[in-house]
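Report on the following structure.
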2 protein chains.
Amino acid sequence: MPKIVDHEERRRRLVDAVWALTVRGGIEQVTLRKVAEQAGVSMGQVQHYYSSMQALVRDALDRAVRAVNANIEKAVEAAGATTPEAVLRACLHALISPDQESMRLMRFSLAAAGRAVSDPTMARVLAPGDDELLSFTAGLITAARQERGVELREDARMDADISWALATSLGVDVALGYRSPEAAARVLSHHIDQVLGVLGSGGREATA
Amino acid sequence: MPKIVDHEERRRRLVDAVWALTVRGGIEQVTLRKVAEQAGVSMGQVQHYYSSMQALVRDALDRAVRAVNANIEKAVEAAGATTPEAVLRACLHALISPDQESMRLMRFSLAAAGRAVSDPTMARVLAPGDDELLSFTAGLITAARQERGVELREDARMDADISWALATSLGVDVALGYRSPEAAARVLSHHIDQVLGVLGSGGREATA
DNA sequence: CGGTTTGCAATGCGACCGCATGGCAAAAGG
DNA sequence: CCTTTTGCCATGCGGTCGCATTGCAAACCG
């Protein structure tokens, strides 16, 4: 077995080139030649690692999904969140992080979602969360309500659904510059407050 | 002035072809030749009415925005909404209408939004609402709260913002088949109930 | 009737696309 | 040494793209 290279590293380079090209000029700029140039390799190498353009874009999307999830987990850890409410807030706020890397991922995800119109496998990031995620989040909401002493309701799952949809939407807006990170954070916090029953009567303090 | 034709009708035909092509195969299928074929005219005619491909897609987006707004107004009228709450619900629910025409527009809008990554003029429909819309909606929310006898808060504008973001997101999901119209309607109604303070303690009836 | 203006249709051009193919350099085994 | 396997580069092909150009028929004015 001669000439052993790190395949994973090669693919990461190529996918990163796809992200960069998409963010800079839209997904229609992602061509074999441009990807090769951006990654500083030859067209041949791109073809060597991906059997087709579609396969490359698909892998780029796969990795984007995993990267977003990793960012969320990282954000939860970084926040040192111990209470369910803190975990909930950290998870949702991770989607609107003004961090360059996060914004890159959101922008690429939006471009990919545009393709979902014709290719159902292309939504993933911006589509509704799956059962597992919603159940987990609903659990957080219920636990947070309990801790706050708020009367419980059976609609936690729906609130989880709404919360992810809103956070995703805000994340796209931030990544495209339609909202400032601060404004998006205020909106998201306001919604979480409402979900957790924090908003009683004109109270302003709520949470940081 | 010889050979007078209806320019507006021509453009409508062409834009409709753009919508159809985008919905069927993604915005990357929108080419001069395909648009001409879809509209049943020659490439020359397309070029006669639009100086470039970009101009055509831009007009298609313009008209989509106007069509969505028209659909909303139509929905309000059709519902015979008289109270602020009924108007509010009609407006928001118009975005998740499972009507073929509405879903076409949402799908095209999503494809266009995918281009917003590289072309800022391409968001429009799926971007946050403008000041005027938010103020109007906030007014509806406040009035609806008053009618319900709910204690007033000063956050109506933010709730309006969130409501539009959620309705838009749900509308995309419905148009792409990620949610059934009924499921989306339940989610949206639940959110509006929450905004209007309908959800007190485990109550189930709320609204239809 | 001829002239002018409008509304297109047809065709051609250069650029770029994804992908297939063929070959060659480097590393390891014999 | 030679062979084999791996990783990759270079090039060529058929197709499609947006757009410019050219020409001409229909409709109105005089």
Side-chain angles (χ1 to χ4, degrees), chain A residues 1-22 24-62 111-112 114-115 117-119 121-122, chain B residues 1-22 24-61 108 111-112 114-115 117-119 121-122:
Chain A
M1 273 184 212
K3 207 176 188 184
I4 309 162
V5 301
D6 185 346
H7 292 223
E8 183 58 20
E9 183 268 340
R10 291 281 194 275
R11 286 187 224 265
R12 253 188 280 116
R13 270 182 80 82
L14 295 175
V15 163
D16 200 80
V18 170
W19 291 349
L21 284 169
T22 302
R24 186 188 317 144
I27 206 168
E28 68 268 17
Q29 294 293 325
V30 178
T31 69
L32 276 185
R33 287 160 235 269
K34 301 246 183 80
V35 169
E37 188 192 12
Q38 173 74 28
V41 301
S42 73
M43 266 180 62
Q45 184 172 136
V46 183
Q47 292 190 92
H48 184 73
Y49 285 98
Y50 294 99
S51 60
S52 73
M53 204 56 223
Q54 221 189 50
L56 172 54
V57 175
R58 264 200 236 286
D59 192 38
L61 181 58
D62 270 4
R115 289 232 163 146
V117 166
S118 56
D119 181 349
T121 70
M122 279 286 167
Chain B
M1 273 182 212
K3 207 176 188 184
I4 309 164
V5 301
D6 186 346
H7 292 222
E8 183 59 21
E9 183 269 341
R10 293 280 194 275
R11 286 187 224 266
R12 252 189 281 117
R13 270 181 80 82
L14 294 176
V15 164
D16 199 80
V18 170
W19 291 349
L21 285 170
T22 301
R24 187 189 314 144
I27 206 168
E28 69 268 17
Q29 293 293 323
V30 177
T31 69
L32 276 184
R33 288 160 234 270
K34 301 247 183 79
V35 169
E37 188 191 14
Q38 173 74 27
V41 301
S42 74
M43 265 180 63
Q45 184 171 138
V46 183
Q47 292 190 262
H48 185 74
Y49 284 99
Y50 294 98
S51 60
S52 73
M53 203 57 223
Q54 220 190 52
L56 172 54
V57 175
R58 264 201 235 286
D59 192 39
L61 181 59
F108 172 76
R115 290 230 164 150
V117 166
S118 56
D119 182 349
T121 68
M122 279 287 169

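Letters A, B, ... mirror the listed sequences (proteins, then strands); counts begin at 1.
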- Message: So if I define the base as every atom that isn't primed, P, OP1 or OP2, how would nucleotides 8-21 of chain C read as a B/S/- string at a heavy-atom cutoff under 4.0 Å?
- Response: BB-------BBBB-
Would you mind writing out the side-chain donor-acceptor pairs for residues 14-22 of chain A within the sub-3.5 Å range, not counting sequence neighbours?
residue	atom	partner	partner atom	Å
D16(A)	OD1	R104(A)	NH2	2.8
W19(A)	NE1	A60(A)	O	3.2
T22(A)	OG1	V18(A)	O	2.8

- ring-ring contact (aromatic ring centres under 6.0 Å, His included) with Y50(A): which residues, sequence neighbours excluded?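 With neighbours one apart ignored, the set is empty.
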- Please list, by residue number, the residues of residues 11-22 of chain B whose heavy atoms come closer than 4.0 Å to an atom of DNA chain C; answer none if no residue qualifies.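 The answer is none.
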- Item | Flag if over 12 foreign heavy atoms under 6.0 Å of CZ, R13(A) |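 Open: at most 12 neighbouring heavy atoms sit under 6.0 Å from CZ of R13(A).
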List the atom pairs, with distances to 0.1 Å, where a side-chain N or O of residues 36-47 of chain A and a protein N or O form a donor-acceptor pair under 3.5 Å, not counting sequence neighbours.
residue	atom	partner	partner atom	Å
Q38(A)	OE1	R24(A)	NH2	2.9
S42(A)	OG	G44(A)	N	3.3
S42(A)	OG	Q45(A)	N	3.3

- So which heavy atom on H7(B) is nearest to which on Y49(B), and how close?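 Minimum heavy-atom separation between H7(B) and Y49(B): ND1-CE2, 3.8 Å.
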- Task: Please assess V30(B) against M53(B) for the test side chain to side chain contact (heavy atoms under 4.5 Å, CB included), listing each intermediate value before the final yes or no.
- Result: CA-CA 9 Å; V30(B) 177; M53(B) 203 57 223; 3.3 Å; yes
- Can you name the side chain to side chain contact (heavy atoms under 4.5 Å, CB included) partners of R58(B), sequence neighbours left out?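 R58(B) satisfies side chain to side chain contact (heavy atoms under 4.5 Å, CB included) with Q54(B), D119(B), T121(B), M122(B) only.
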